[in-house]
Structure formats: structure tokens, C-alpha cells
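See structure below.
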Amino acid sequence: YNVDRLAFSGVDDFWFSVKYLGDQIVDYFTDEKEFNRSINYIWEEYPMGTIGAVSKINNFKHEHILVSNSDILTNLDYELFYLDFLEKDADFSIVTIPYRVEVPYAVLETKNSSVMGFKEKPTYTYYSNAGIYLVKRDMLDYIPKDEYFNATDLIEKLIKENKKVISYPFSDYWLDIGKHDDFIKANQDIKNIKF
């Protein structure tokens, strides 16, 4: 599903990082060459984190690289995400999803034990990492070779290096299907939501 949506958006060069049950993924995509897609595999001999395996790729075809967790179901418009990345001349862009926290009580604003004001039952919105990134190819040089390394480690490095790391807020459909209950939900949602 994810590969079809990405291919529809113009992605033509795929790299899958595989380990556990990786043979099943390879078998599934055996005939993909006839769909004008290049599919390559990185076999992780040991866990490399959410972006560490990218350090094993030496021959990217494009200047901008999309990196995504594979256990996500989303109707993200990849073209709009890419256009925003270009327009803002970002080095790294993170799809972010809103996470709302409703506090059922008044929240006090204090300074040196003095109450300066309060907010009655406020709702705060935080933006969480959705596990989908666009990155300029040369930013991948910050990933150490053959080491365990997460995308969040790369983000922290790029921020320290004063690179332009941006958020792409997304409030449409996104679901991490890493848990069994969410996988069941995804199977229902895919029948009812326009992707």
C-alpha cells in the first residue's frame, strides 16, 4: 500500500531496510521491476535504529530523500510535503501530527509562589514526530556508518549544526500500526477512508 502511494506520487527508487522476516518482503516485491520501480534492500545484521541503515546506501539517485517508517498508514499528500520542503529550502523536514492534551482542571500560572493567573481547563496542542522525513542528501553524511542511530539523533545533530530543520504539520489520517489493535483498526480504516 505505502509503495503504491509513493510510486503514484513519483517516487521511483526504493530502499527497504530488512531483518526479521525480510525474506517475505523480498518475495512479495519480486515482480516490482515490471512496475518501473527500483527496489533495493539493506540487510541489517544487527538493529541499526530508525535511520542508521541509510548509512549503508552509497548510490542515491536523487538529491532529496524521503525516509519513512514502514508501519504507518497515512493519506499524507507526499507532493504537498515535498513542495513545502522546497519552498522553505529546508535541510530536513519532519511530518508532525497534533497531539492534544486536555487538562480537566484550572492550570495556575505562577512566579515565585505567587499566582499570576490561570487557565480554566485548557487544551494544549503538541506536535509529535510522525516518522516521515524529507532530507537533503548531503545531510545524510551526519549519520555515522554502520551504527545504531535513530532519526531523532540525526535531527538533534542537524539542529546543533544550525541546519534548517522544519515541521510539516499534518492533521489528516495517520496511524502507527505497530500494535496489534492498531493493525486491526488500519484494516478497517483502509476500507472506509480515501487514501
Side-chain angles (χ1 to χ4, degrees), residues 1-62 64-82 85 92-97 99 127-137 139-140 143 146-155 167-168 170-191 193-195:
Y1 169 80
N2 287 334
V3 169
D4 289 344
R5 286 204 65 244
L6 288 164
F8 180 77
S9 297
V11 176
D12 62 357
D13 188 30
F14 292 86
W15 288 84
F16 297 148
S17 175
V18 293
K19 182 170 174 51
Y20 178 69
L21 301 178
D23 291 329
Q24 290 182 18
I25 294 170
V26 172
D27 290 346
Y28 182 84
F29 288 104
T30 298
D31 298 327
E32 285 299 299
K33 299 259 186 247
E34 57 190 78
F35 296 105
N36 295 321
R37 300 175 193 161
S38 170
I39 296 183
N40 305 282
Y41 301 93
I42 305 161
W43 285 91
E44 292 189 26
E45 296 170 22
Y46 49 88
M48 297 190 72
T50 56
I51 205 166
V54 172
S55 72
K56 293 179 166 279
I57 304 169
N58 297 316
N59 53 339
F60 282 112
K61 292 182 181 177
H62 304 286
H64 303 120
I65 311 301
L66 175 76
V67 178
S68 178
N69 296 350
S70 61
D71 59 352
I72 293 170
L73 181 63
T74 183
N75 63 357
L76 173 69
D77 185 323
Y78 291 99
E79 182 178 4
L80 292 178
F81 179 39
Y82 182 61
F85 177 77
F92 194 98
S93 182
I94 309 161
V95 174
T96 55
I97 51 171
Y99 185 80
Y127 287 89
S128 299
N129 181 350
I132 305 169
Y133 316 99
L134 269 167
V135 58
K136 287 182 179 172
R137 185 171 61 188
M139 296 297 109
L140 299 176
I143 301 172
D146 296 320
E147 289 183 24
Y148 185 93
F149 200 71
N150 284 319
T152 51
D153 298 325
L154 177 58
I155 292 166
S167 166
Y168 181 79
F170 178 69
S171 58
D172 213 339
Y173 185 87
W174 179 92
L175 180 66
D176 179 336
I177 59 172
K179 295 179 184 169
H180 185 70
D181 289 346
D182 291 329
F183 178 73
I184 291 169
K185 179 177 176 8
N187 280 297
Q188 282 304 119
D189 290 351
I190 205 160
K191 298 174 191 172
I193 295 174
K194 184 178 179 188
F195 290 94

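Only heavy atoms go into these numbers, but all of them, side chains included; no hydrogens, no water, no symmetry mates. Keep in mind it's a predicted model, so treat the numbers as computed, not measured.
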Nearest heavy-atom contact between F14 and A7 is CZ-N, 4.1 Å
Nearest heavy-atom contact between W174 and A130 is NE1-O, 3.1 Å
Notebook entry, point to check: Donor-acceptor pair, D153 side chain versus N150 backbone, under 3.5 Å?
Noted result: yes
d(F170 CZ, T96 OG1) to nearest 0.5 Å is 10.5 Å
side-chain contact (heavy atoms from CB on, under 4.5 Å) assessment of I97 paired with S128: CA-CA 5 Å; I97 51 171; S128 299; 4.2 Å; yes
ask   = Is there a donor-acceptor pair under 3.5 Å between the side chain of N40 and the backbone N or O of W15?
value = no
### Task
For residues Y41 and F29, establish whether the separation of their ring centroids is below 6.0 Å.
no
_N69 (side chain) donor-acceptor with D71 (main chain) under 3.5 angstrom_ = no
*Given side-chain contact (heavy atoms from CB on, under 4.5 Å), test H64 with K136 step by step and report yes or no.*
CA-CA 5 Å; H64 303 120; K136 287 182 179 172; 4.0 Å; yes
Test side chain to side chain donor-acceptor pair (under 3.5 Å), reference K185, set D189, D181, N187, output is D189
When every non-hydrogen atom of I177 is compared with those of A186, the smallest separation belongs to CG2-CB, 3.4 Å
Enclosure of H180 NE2 (heavy-atom neighbours >12, cutoff 6.0 Å): no
* Donor-acceptor under 3.5 Å (Y46 side chain, D146 main chain) -> yes
>> Does Y78 form a side-chain contact (heavy atoms from CB on, under 4.5 Å) with L134? I'd like the steps, not just the answer.
In response: CA-CA 10 Å; Y78 291 99; L134 269 167; over 6 Å; no
Q.
Does any part of the side chain of S93, heavy atoms only, come nearer than 4.5 Å to the side chain of F81, both counted from C-beta?
A. yes
- Item | Non-hydrogen side-chain atoms of F16 and V3 separated by less than 4.5 Å | yes
OH of Y148 to CD1 of I51, rounded to nearest 0.5 Å, is 12.5 Å
Task: Short side-chain to backbone donor-acceptor contact, D182 and L175, under 3.5 Å - done: no
Open item on the list: Quick one: does any side-chain atom of K19 pair with a main-chain N or O of W43 as donor and acceptor, under 3.5 Å?
Closed with: no
d(D12 CG, K61 NZ) to nearest 0.5 Å is 5.5 Å
When rounded to the nearest 0.5 Å, the distance separating CD1 of I65 from CG of D13 is 8.0 Å
Rounded to the nearest 0.5 Å, the OH atom of Y133 sits from the OG atom of S68 at a distance of 8.5 Å
Between the OG1 atom in T50 and the CZ atom in F149, the distance rounded to the nearest 0.5 Å is 9.0 Å
Practice prompt. Check for a donor-acceptor pair, side chain of T74 on one end and backbone N or O of Y173 on the other, with a separation under 3.5 Å.
Written response: yes
Closest non-hydrogen contact found for F60 with R137 is O-NH1, 3.1 Å
